[in-house]
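Remarks on the structure that follows.
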Amino acid sequence: MTAEVAPQPHAHAPTGEGYLTHERGLKSWLFTLDHKRIGLMYLGSVLLAFLLGGIMALLVRAELLFPGETLMEADTYNQVFTLHGAIMVFLFIIPSIPAALGNFFLPIMLGTKDVAFPRLNLGSFYIYCLGAIVAIVAIVIGHVDTGWTFYTPYSARADSSVIWMTSGAFILGFSSILTGVNFIATVHKMRAPGLHWKRLPLFIWGMYATSVIQVLATPVLAITLFLLMMEKTLTVGIFDPALGGDPVLFQHFFWFYSHPAVYIMILPGMAIVNEVIATFSHRKIFGYMFVAMSSISLALVGFLVWGHHMFTAGMSEYATMVFSALTFLVAIPSGVKVFNWVATLYQGSISFKSPMLYSLGFIALFTIGGLTGLFLGILSVDIHLHDTYFVVAHFHYVMVGGTVFGFVSGLHYWWPKMTGKMYSEKLARVAFVFVFVGFNVTFFSQFVLGSQGMPRRYYDYLDQFQPLHMTSSGGAFILGFGFLIMLFMFVKSLVSGEKAPPNPWSSAGYEWMTTTPIHPHNFAEPPVMTRGPYDYHLCTEEELFPGFPEDFKPSEKAAKA
Amino acid sequence: MDENNLPEGTLQLPPQWSTLAPEVDEMYYFIYWVSVAFTVVIFAAMIYFMWKYRRRPGLKAKPTGHSTALEIGWTFAPLILLVVLFHQGFTGYVRGAVAPEDSIEVRVRGMQWNWEFEHRGGVIDDLNYLRVPVNTPVRLIMSSSDVLHSFFVPAFRVKRDVVPGMYSTLWFEATQETPDIQCESDADCPEGLWCGNTPPGGEARECVLPIFCAEYCGAPRGITASAFDEGGRNTNHSTMMGDLKVITQAEYDEFIELGPPPPASCQGRDDINECWGEQIHQSYCVACHSVDGATQAPAPNWKGLFGNQRQFVDGSSATADENYIRQSILQPQSQIVQGYNNVNMPPFRFSDRQLDAIIAYMRSLNE
Ligand code: HEM
Ligand SMILES: [Cu+2]
Ligand SMILES: [Cu+2]
């Protein structure tokens with residue numbers, strides 16, 4: 001095992017030269033095979049997508065401040081919400097954690113030098129870029145107004161730029177598949193000596209489960225979008241009844257990918273929360289194996305519930321019954337995770353640094369998101385709630401309150417390791433307050449809108465819904481402001497942040513064992529793992545607090561007190 | 001129709017207006033309280049631990065133990081609850097899915113962006129206007145002529161997608177008549193009602209239950225979508241709304257016999273028929289027929305049509321009298337006017353009163 005991962009002698013990387021500075025120039029980035037640099041390039045791209053999608057979201061919310069026309073026409077509005085959804089899902093959330101943070105930290109946490117196939121890794125980044133460009137060109141020159149779900153026959157009859165948009169998503173899918181294959185191979189083959197499966201960091205378990213879904217489900221998306229393109233270019237009747245096709249078939253295809261895809265989105269968020277909770281409570285996650293296995297079972301059961309998006313679409317009563325029953329099953333592993341996280345806090349030593357705030361926020365918001373999923377799994381209740389703002393609120397609680405909070409938590413958590421700089425904790429907390437409050441104001445009001453009967457994707461609405469719509473829009477601006485503070489805080493850190501110590505949070509995690517700035521080969525010496533990543537009781541103070549300002553060491557403080 | 005005795009909604013759910021609604025709401029509130037309980041317990045534990053075990057000098061984390069019993073417990077205990085939820089939800093759903101034997105049927109056609117309702121005996125109601133009798137199960141048989149739509153009445157707690165290329169069905173039984181209230185905006189209406197679509201040409205609107213289209217169906221390109229256009233036709237997905245009026249059985253029977261009554265805005269006028277005919281033209285015919293004698297349209301202009309000599313593609317001819325007009329509307333394919341054989345006019349089944357109104361309107365165009 002060690003033989004294949006043993007790093008070459010690093011004569012060209014003198015001590016102290018980190019991966020960011022040991023080679024310079026544009027070419028050293030564009031052609032890099034270093035998973036860390038590829039991870040950073042992904043990070044830049046997904047953040048850009050997040051910014052774009054966020055602007056679209058604010059436009060949507062601004063239009064909905066008042067009934068009737070506020071800013072734009074119905075047709076423009078439909079394009080804006082479509083872009084918001086498609087950009088956020090395909091360009092931001094799906095690649096966000098795995099491709100950016102996963103790429104960066106998966107090999108480090110495995111104690112190895114790189115992913116199994118570094119060239120493939122760079123390739124998947126360029127495929128992502130190509131897909132993103134195709135999608136954005138479609139947006140700029142075309143007229144895409146189908147919603148991110150591309151339901152037929154509307155999409156089959158819409159403007160031809162829909163083909164370009166779906167081609168973009170099709171290409172992005174390949175990027176996702178390749179990253180998944182790469183991670184699976186890396187986890188199986190490249191773990192450091194001593195790193196057996198029971199010691200695997202939970203972040204890796206999460207990435208592994210995600211990769212399995214990416215590899216198995218994404219091809220179905222590709223097939224679906226391909227069929228859609230065939231239908232449009234060759235007018236073969238597949239989904240369009242006017243050509244003899246079946247529009248409901250498209251929904252089956254689409255959700256067969258897109259429900260598993262919601263687990264592509266949430267599992268990485270949960271994976272980060274595991275790491276952060278452990279670090280900031282100084283404790284191994286309670287029920288480690290149950291948590292790891294719940295990720296795997298979510299990945300598997302997630303494949304069997306796609307029909308719950310189609311309860312009103314006209315499936316047989318039997319199919320409906322089966323899908324409803326299976327939907328309740330996915331609640332079990334989700335619940336197991338929440339219970340175990342809370343149990344981890346018990347008897348811990350809890351520090352409330354900004355990464356932890358976001359992870360605690362995750363637990364709270366995911367709890368609400370998951371429980372409202374149960375409302376939607378109950379058949380008779382879903383009939384009323386389907387395609388209303390209730391569903392919009394549900395999936396934002398899990399996707400923003402869950403995945404985005406997890407992503408942001410990870411970004412704060414690993415920022416010092418990635419950039420070598422600390423950030424202003426004070427500004428980070430201020431941003432957290434705005435983000436947390438803004439988020440809840442925005443989306444909690446949408447639960448009520450939805451249960452009162454406000455349908456989704458509406459440009460105009462009845463007067464009775466106006467107060468709640470206005471509340472929701474107000475929240476969105478608070479939320480946006482919070483993200484602006486965060487942006488400022490990170491930029492300030494890059495420009496004038498203090499130098500980060502190797503282990504600023506005193507974590508036992510493997511990724512904190514290496515130097516900051518990170519060695520180009522991750523570890524100067526290939527590590528041998530002699531303890532688990534959460535074995536705080538086996539760590540010495542030297543391991544937990546290297547470079548830690550004296551005052552912060554708990555034992556020092558205790559001695560003084 | 002006591003206006004003071006209307007069903008009231010709650011903070012979370014709109015007023016209950018069907019036999020199905022109480023059952024759905026009961027389930028909703030059950031899961032709601034279950035969720036509240038879970039949330040409170042989880043949040044309380046979290047906040048307590050966060051406070052109790054906050055990092056401070058002298059406090060060291062205890063190594064994590066493990067308790068298989070606890071893990072198994074909280075994996076399987078929720079299962080019991082979930083089985084209950086599933087079972088209740090499913091039985092409720094089945095009740096909502098199977099219409100009673102004695103239901104009356106209404107045919108619903110969804111099209112971008114309007115609803116058309118056809119009742120027993122081929123009685124077509126005003127566009128986007130559905131009348132149903134109270135305390136009678138009604139079964140809707142729905143189809144779409146273009147893209148997906150979804151028929152949604154929050155007050156009834158029913159929703160069903162309307163799919164091109166197949167029929168979908170839905171049933172409900174309304175429990176209360178809608179009060180007769182004229183309105184100018186939604187604010188004039190009791191909770192749960194809206195101030196319905198503007199009838200063609202007229203200002204008189206009334207409070208009715210809203211029918212929404214819940215499945216996204218787009219908007220026309222580049223047309224400014226003021227909520228409702230002149231002819232009472234809706235112009236995009238978000239305004240694809242219908243008016244639902246619950247009436248007494250007697251009123252419904254009269255409606256089936258005589259067809260829809262003249263619109264409120266025409267009632268009491270001397271030219272009631274001409275007024276009504278104009279509105280029918282605006283709702284159903286304006287897409288093909290113009291009335292000003294000038295514009296190019298896919299179908300014959302109505303100005304000067306009545307009493308005129310018509311030439312047909314088969315070489316025959318006839319005078320456009322009352323019978324001819326009637327025939328042309330009910331069975332448009334029986335005689336095809338020369339020069340117009342590339343567009344097919346769909347058959348319309350209007351009541352005698354409506355046909356009279358159309359003819360009166362056509363005659364008035366000649367004056
Ligand atoms: C506890 C587990 C969950 C349950 C029981 C659940 C249940 C459901 C159900 C039944 C629907 C369909 C509602 C409807 O359209 O009528 C739905 C929609 C949705 N859920 Fe969940 N869900 C859960 C967790 C999640 C998670 C973790 C995510 C993503 C991170 C997610 C994302 C979504 C999305 C994106 C939609 C709607 C997509 C659309 O129509 O555009 N859900 N959920
Ligand atoms: Cu789903
Ligand atoms: Cu529609």
Side-chain angles (χ1 to χ4, degrees), chain A residues 68 73-75 78 145 147 151 153-154 241 247 281-284 286-287 290 312-314 317 321 324-325 328 331-332 335-336 339 342 345-351 367 371 374-375 378-381 383-384 386-387 448 451-453 455 457-460 462-464 536-537 554 557-558 561, chain B residues 12-14 24 27-28 31 35 38-39 42 45-46 49-50 53-55 57-64 66 71 74-75 78 82 85-86 89-90 92-94 96-97 147-148 150 152 154 157 159-161 163-165 168 186 194 212 214-216 218-219 221-222 224-225 227 236 238-239:
Chain A
E73 290 171 0
D75 182 39
N78 292 345
D145 69 342
Y151 269 16
Y154 189 80
S281 318
H282 267 183
R283 241 177 145 235
K284 182 175 177 170
F286 193 79
F290 283 86
T312 68
E317 269 79 48
M321 178 180 82
S324 168
F328 286 110
I332 299 265
V336 165
F339 299 145
V342 175
L345 299 177
Y346 175 69
Q347 294 192 331
S349 157
I350 304 167
S351 142
T367 302
L371 285 168
L374 294 183
F375 286 62
I378 299 176
L379 281 166
S380 55
V381 178
I383 299 300
H384 177 60
H386 173 71
D387 265 340
V448 186
S451 61
Q452 286 287 2
R457 294 175 173 172
Y458 262 35
Y459 161 75
D460 194 1
L462 298 186
D463 296 342
Q464 66 175 96
Y536 284 87
H537 56 292
K557 261 199 172 163
Chain B
Q12 296 183 50
L13 292 164
V24 172
M27 239 4 245
Y28 179 95
I31 177 68
S35 301
F38 267 95
T39 311
I42 291 171
M46 245 171 93
F49 294 158
M50 279 159 59
Y53 301 106
R54 67 192 183 279
R55 187 168 297 176
L59 180 97
K60 247 188 131 173
K62 297 235 171 52
T64 308
H66 57 93
E71 295 290 348
W74 66 38
T75 306
L82 295 177
L85 288 178
F86 162 72
F90 181 66
Y93 171 78
V94 168
V147 299
L148 296 174
S150 188
F152 176 32
R157 314 287 190 269
K159 183 182 291 123
R160 189 73 175 189
D161 290 4
V163 183
S168 51
D186 295 350
W194 75 300
F212 293 107
E215 185 61 65
Y216 175 68
R221 275 181 87 154
T224 307
N236 70 70
S238 67
T239 58

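Sequence lines set the chain letters: A, B, ... in the order given, protein chains first and strands last, and positions in each chain run from 1.
Expressed to the nearest 0.5 Å, how far CG of A:Leu374 lies from CG of B:Leu85 amounts to 6.5 Å. Distance check: B:Phe212 CZ to A:Asp387 CG gives 13.0 Å after rounding to the nearest 0.5 Å. Considering CG of B:Leu148 and OH of A:Tyr151, their distance stands at 8.0 Å, rounded to 0.5 Å. How far CG of B:Asn236 is from CG of A:Asp75: 9.5 Å, rounded to the nearest 0.5 Å.
Scanning all heavy atoms of the two residues, the minimum distance from B:Ala214 to A:Pro455 falls at CA-CB, 4.4 Å. Minimum interatomic distance between B:Phe152 and A:Gly453 (heavy atoms only, all atoms of both residues): CE2-O, 3.5 Å. Nearest heavy-atom pair, A:Pro153 versus B:Pro164, reported as atom, atom and distance to 0.1 Å: CG-CG, 3.7 Å. Contact between B:Gly92 and A:Ser380 at its shortest, heavy atoms only, is C-CB, 4.0 Å. In terms of heavy atoms, A:Ile383 sits closest to B:Tyr93 at CD1-CE1, 3.7 Å. Taking every heavy atom of both residues into account, B:Ala45 and A:Val342 meet most closely at CB-CG1, 3.8 Å.
Here A:Leu462 is the residue among A:Val448, A:Leu462, A:Val381, A:Val336 with the most heavy-atom pairs under 4.5 Å with chain B. Heavy-atom pairs under 4.5 Å with chain A were tallied for B:Ile42, B:Val147, B:Val24; the largest tally goes to B:Val147. Interface check for chain A: of the options B:Gly165, B:Ala219, B:Pro14, the most heavy-atom pairs under 4.5 Å are formed by B:Pro14. Chosen from A:Gln452, A:Arg457, A:Gln464, the residue pairing most often with chain B at heavy-atom distances under 4.5 Å is A:Gln452.
Neither the backbone nor the side chain of A:Tyr536 has a heavy atom closer than 4.5 Å to any heavy atom of chain B. With a threshold of 4.5 angstrom between heavy atoms, B:Val163 approaches chain A through side-chain atoms but not through N, CA, C or O. Heavy atoms closer than 4.5 Å to chain B are found in the side chain of A:His537, but not in its backbone. Of the two parts of B:Ser168, neither the backbone nor the side chain holds a non-hydrogen atom closer than 4.5 Å to a non-hydrogen atom of chain A.
The aromatic rings of A:Tyr346 and B:Phe49 sit tilted relative to each other, their planes meeting at an angle between 30° and 60°.
The backbone N or O of A:Asp460 sits less than 3.5 Å from a side-chain atom of B:Ser238, completing a donor-acceptor pair. In this structure, A:Arg283 contributes its side chain and B:Lys62 its backbone to a donor-acceptor pair below 3.5 Å. Checking side-chain atoms of B:Lys159 against main-chain N and O of A:Thr312 turns up no donor-acceptor pair under 3.5 Å. For A:Ser351 (side chain) and B:Arg55 (main-chain N/O), no donor-acceptor pair under 3.5 Å exists by modelled atom type.
With sequence neighbours left out, A:Thr367 forms a side-chain hydrogen bond (donor to acceptor under 3.5 Å, both in side chains) with no residue at all.
Counting only heavy atoms from C-beta outward, the side chains of B:Pro154 and A:His384 approach each other to under 4.5 Å. A:Asn78 places a side-chain heavy atom less than 4.5 Å from the side chain of B:Tyr216.
Within 6.0 Å of CZ on B:Phe90 lie more than 12 heavy atoms contributed by other residues, nucleotides or ligands.
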